[in-house]
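In what follows, residues are counted from 1 in the order of the sequence shown.
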Amino acid sequence: MRPALILAALAALAGCADYPEVIAAERASAAAAPPPPLLPLDEVLAQAGTAQVTPETTASIETRAAALRSRAAALRTGPDAP
C-alpha cells in the first residue's frame with residue numbers, strides 16, 4: 001500500500017512540472033496559427049438552426065430522470081447505507 005501511495009504522489013508531482021520544450025512548441029504553433037474569424041451574430045444564429053426539443057424529447061428526459069432518481073434512492077437505502 002505504501003509503495004503505491006509514494007508512486008501516486010510522485011506521478012502527481014510530475015504533472016506539476018514545467019516542460020520548456022513543450023511550452024515553446026505550443027507557443028510557436030499558436031503564434032503561427034491565424035486568429036479565428038469573427039462572424040456577425042446573424043450568421044452564427046443562422047448556423048445554429050432551430051431548437052429540436054419536442055414533446056417526445058421532454059418525455060424521454062423526464063422518464064430517464066425518474067429512473068435515475070429511483071436508482072439513487074435504491075443506492076441510498078441499499079445494504080451499504082448507514
For Ala59, does its backbone N or O pair with a side-chain atom of Thr63 as donor and acceptor, under 3.5 Å? yes

Measuring from atom CD of Glu26 to atom CD of Glu21, what distance do you get when rounded to the nearest 0.5 angstrom? 13.0 Å

Apart from Val44 itself, members of its ILVMFWY cluster (side-chain separation under 4.5 Å) are Leu39

Using side chain to side chain donor-acceptor pair (under 3.5 Å) as the criterion, list what pairs up with Thr57, not counting sequence neighbours. Thr54

Checking Thr58 now: which residues fulfil side-chain contact (heavy atoms from CB on, under 4.5 Å) with it, not counting sequence neighbours? Val53, Glu62

Suppose clustering is done on Ile, Leu, Val, Met, Phe, Trp and Tyr with side-chain heavy atoms closer than 4.5 Å. Which residues sit in the same group as Leu7? none

Using a 4.5 Å side-chain heavy-atom cut-off and chaining through intermediate ILVMFWY residues, the residues clustered with Ile61 come out as none

Is there a donor-acceptor contact under 3.5 Å from the side chain of Thr77 to the main chain of Ala73? yes

Sequence neighbours excluded, which residues qualify as side chain to side chain donor-acceptor pair (under 3.5 Å) partners of Glu43? none

